Amino acid sequence: MPETTHVDYSTKIPNNVGLMDDQRVLKALEQWHPGYIDWWMTMGPDGFQTSDVYLRTAISIDPKGWAKFDYVKMPEYRWGILLAPRAEGREVNFGAHKGEPAWQEVPGEYRAMLRRLIVVQGDTEPASVEQQRYLGKTAPSLYDMRNLFQVNVEEGRHLWAMVYLLHKYFGKDGREEADQLLQRRSGDADKPRMLGAFNEETPDWLSFFMFTYFTDRDGKMQLESLAQSGFDPLSRTCRFMLTEEAHHMFVGETGVTRAVERTCQAMQEAGIEDPYDIPAVRKLGVIDLPTMQKKANLHFSLSLDLFGNEVSTNAANYYNAGVKGRFQETRIEDDHQLTGATYPVSKLVDGQIKMVEEPALTAINMRLRDDYVADCAKGMERWNKAIEKSGVAFRFKLPHVAFHRHIGEFQNIKATPDGEALGDAEWAKQKDQWLPSKADGDFIQSLMQPCWEPGRFASWITPPKVGIDNKGGDFEYVKIHRA
Ligand SMILES: [Fe+2]
Ligand SMILES: [Fe+2]
């Protein structure tokens, strides 16, 4: 069967890539499947594997109506391989090969590069599932629990998407990489996941919302730039993943908004005006806004590290090769080869943070990170709107890019959220004002009481404005099966 818009469900692995006619890859994936299920059962959501969850499954790649909603037990979710439709006459849109027909096979000279990009992207997908595996138990509602599991099964599908590319286009070493994607573990000392932010804990639901807001948004930026790839199968894979990714960021953005709303409501009801009167606010069973700001500082700074070094010859090579472009590459008006162009990069010069013009080609990471920061700021404004509406005098702010960094220009300095460099002793004294402390974590943990009755919500969060798939307020999003 040729590649279609409709997904073929007759094979064990639903797909629109004609797997039936590609026995070699079908067999390889069928062999990989048991290991994946094994990983899902041991490292996926803890508990709830026999519960019926109201999930969406991709049944088509038609932008309108691609998903079907129904109760599914997670291990029975149909993880499929779905690529956006092939665009007739698509070309390589940037770099040294600009104007050549897009590649349907991996160009030999870029094989290692492409494999590396696919493996790094693939590694993040199971990592986040591992990070989130205990959250089901403390879900603030069935609605939120369902959203968590939706994100989890889709990250699982994203792993499938990358593994398909490895099996289909990279032969023996692709198979080995696919196996290793099931071996590494988030936070494991011996075989950790590849990127820092994916080895951190996601200890509570506020972290989950911040993670899906900030870190899944890094995922979006990476997928956007890989969707520009001259290697067409990668581009098409990423384009479909982006449709799913949008929901992950929605979960984060609305999750934080709902926590903010609940806090402001509770403060109003209790007549508390000062958002910094933390003991008084916490007594209300809600999360104070300054602690939310600290969580945002943490997740934002960890996510910035995912963009790598500001000035990077690797990024320049990827771009030149035509394998990884810029955000919305085709909408940018320039030569798409960056001959002689420069880009302002924030750097540490004699201990001062300064903007320095660098060749645009080596500043690709910086540019993507700038686009990311702008995107983060937009959603944060919506959190601020919610606070404004309630009349509480507080505003969220993204910290400076030099704050709490472990990669790039600022990794060796300490800086305040306003971007003032400071000494180690001063940092140690003040850091608990800017990042969640142990006590903050313990307080949040104390609020993480499961709330599993249909239509009910934990004390610290408001109900959503609308349900999933237009379901009413008391819809039973997860039918919990207690063994
Ligand atoms: Fe993903
Ligand atoms: Fe995601």
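In listed order, ligands and their atoms are each counted from 1. Note that the structure is a prediction, hence the values are computed from the model and not measured.
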His158 N/O/S atom closer than 2.8 Å to the Fe ion (ligand 2):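 Not a single backbone or side-chain N, O or S atom of His158 is under 2.8 Å from the Fe ion (ligand 2).
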Under 2.8 Å: N/O/S of Glu244 next to the Fe ion (ligand 2):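 Checking the Fe ion (ligand 2) against Glu244, no N, O or S atom falls under 2.8 Å.
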Heteroatom test (N, O or S) for Glu125 near the Fe ion (ligand 1), limit 2.8 Å: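 Yes, within the cut-off.
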Contact flag Asp216/the Fe ion (ligand 1), N/O/S atoms, threshold under 2.8 Å: no
[X] ring center near [Y] ring center (under 6.0 Å):
{"X": "Trp79", "Y": "His158", "value": "no"}
{"X": "Trp452", "Y": "Tyr477", "value": "no"}
{"X": "Trp66", "Y": "Phe240", "value": "yes"}

Between His97 and Tyr110, a side-chain donor and acceptor under 3.5 Å: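 On atom types as modelled, these side chains qualify, holding a pair under 3.5 Å.
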The Fe ion (ligand 2) - closest N/O/S atom in Glu245: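 Going through the N, O and S atoms of Glu245 one by one, OE2 ends up nearest to the Fe ion (ligand 2).
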Atom name of the N, O or S atom in His248 that lies nearest to the Fe ion (ligand 2): ND1
Contact check, side chains of Asp144 and Phe209, non-hydrogen atoms, under 4.5 Å: yes
Atom name, Glu155 (N, O or S, nearest to the Fe ion (ligand 1)):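 Nearest N/O/S atom: OE1.
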Least distance between heavy atoms, Leu182 atom then Gly35 atom: CD1-C, 3.6 Å
